[in-house]
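Just below is one structure, and these are the notes that go with it.
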Amino acid sequence: MKAVLQNNPGNRETLFIGDAQKPSVKDNEVLVRVKATALNRMDIIQREGRYPLPDDASSILGVDMAGVVEDFGSSVTNWKKGDEVFGLLQGGGYAEYTNIAEGLLWRKPSHLSFEEAAAL
């Protein structure tokens with residue numbers, strides 16, 4: 001999958017589009033095809049290397065996203081393929097796909113675009 005990647009912390013010129021492994025889902029996670037993301041202050045601080053990521057966080061930046069459910073783990077009960085969602089990530093939103101814990105997703109209101117939902 002395509003993603004915005006970074007080899008070393010720094011300014012925006014350290015970012016590039018490259019290939020990354022499509023995430024797999026754990027039992028309680030949902031795989032989302034990202035339709036929109038947003039620039040969050042936390043993304044900038046992480047890009048600069050001033051905010052350490054949790055051990056289980058994606059190395060891909062992006063904490064806000066909106067998209068469509070593609071797959072889900074065996075214990076997920078609230079979502080089905082095709083559901084339009086948005087959520088807050090520990091990272092991974094600057095990619096074609098991201099995985100997120102089921103409890104961190106919300107249904108995208110139909111009157112909002114994916115861009116508007118990602119900006120929430």
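Counting only distance, with no hydrogens or angles, the side chain of N99 and the backbone of S24 share a donor-acceptor pair below 3.5 Å. Of the possible donor and acceptor atoms, one in the side chain of S75 sits under 3.5 Å from a partner among the backbone N and O of D27. In this structure a side-chain-to-backbone donor-acceptor pair under 3.5 Å is present from D43 to V63. Counting only distance, with no hydrogens or angles, the side chain of T37 and the backbone of D64 share a donor-acceptor pair below 3.5 Å. Between the R47 side chain and the G10 main chain, a donor and an acceptor come within less than 3.5 Å of each other.
Under the 4.5 Å side-chain contact rule for hydrophobic residues, L105 and I60 do not share a cluster. When the side chains of ILVMFWY residues are joined at heavy-atom separations under 4.5 Å, either directly or via intervening members, I45 and L88 end up in a single hydrophobic cluster. In this structure, L104 is a member of the same hydrophobic cluster as V69, with clusters built from ILVMFWY side-chain heavy atoms closer than 4.5 Å.
What you find for W79 and F72 is that their closest heavy atoms are O-CE2, 3.8 Å. Taking each heavy atom of L5 and D19 in turn, the nearest pair found is CD1-O, 3.6 Å. Nearest heavy atom pair, residue A118 against residue A38, reads O-CB, 3.6 Å. Of all non-hydrogen atoms in A95 and A3, the two that sit nearest each other are CB-CB, 3.7 Å. Smallest separation of non-hydrogen atoms from E70 and K81: O-CE, 3.1 Å. Counting all heavy atoms, side chain and backbone alike, G93 lies closest to V34 at O-CG1, 3.7 Å.
Partners of N11 according to the side-chain hydrogen bond (donor to acceptor under 3.5 Å, both in side chains) rule, which considers only residues two or more places apart in sequence or in another chain, are E13. Scanning for side-chain hydrogen bond (donor to acceptor under 3.5 Å, both in side chains) contacts around E48 gives R50, with sequence neighbours left out.
Here the side chains of V85 and V32 are in contact, with some heavy-atom distance below 4.5 Å. I44 places a side-chain heavy atom less than 4.5 Å from the side chain of L39.
Of the N and O atoms on the side chains of T14 and N8, not one donor lies less than 3.5 Å from an acceptor on the other residue. The closest side-chain donor-acceptor pair between E102 and N28, if any, does not fall under 3.5 angstrom.
With a 4.5 Å cut-off between side-chain heavy atoms of Ile, Leu, Val, Met, Phe, Trp and Tyr, the cluster of V68 takes in F114.
From L31, atom CG reaches atom NZ of K26 across 13.5 Å, with rounding to the nearest 0.5 Å. Between the CD atom of E96 and the CE atom of M1 there is a distance of 7.5 Å, given to the nearest 0.5 Å. With rounding to the nearest 0.5 angstrom, the OG atom of S59 is 10.5 Å from the CD atom of Q46. Here CD1 of I100 is found 9.5 Å from CD of Q90. Values are rounded to the nearest 0.5 Å. Note: H111 NE2 to E116 CD = 7.5 Å, rounded to the nearest 0.5 Å. Distance check: E29 CD to D71 CG gives 11.0 Å after rounding to the nearest 0.5 Å.
With respect to K80, the side chain to side chain donor-acceptor pair (under 3.5 Å) criterion is satisfied by exactly one of T77, D83, N78: D83.
Note that K22 lies in the cation-pi zone of Y97, set by a 6.0 Å cut-off to the ring centre and a 45° limit from the axis.
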Query raised in the report: Passes side-chain contact (heavy atoms from CB on, under 4.5 Å), L89 versus T98? Steps please.
Result: CA-CA 9 Å; L89 306 161; T98 192; 3.9 Å; yes

Query - Intermediate values then yes/no, ring pair (Phe, Tyr, Trp, His ring centres under 6.0 Å), F86 and W106 - result: CA-CA 5 Å; F86 69 104; W106 294 275; 5.6 Å; yes

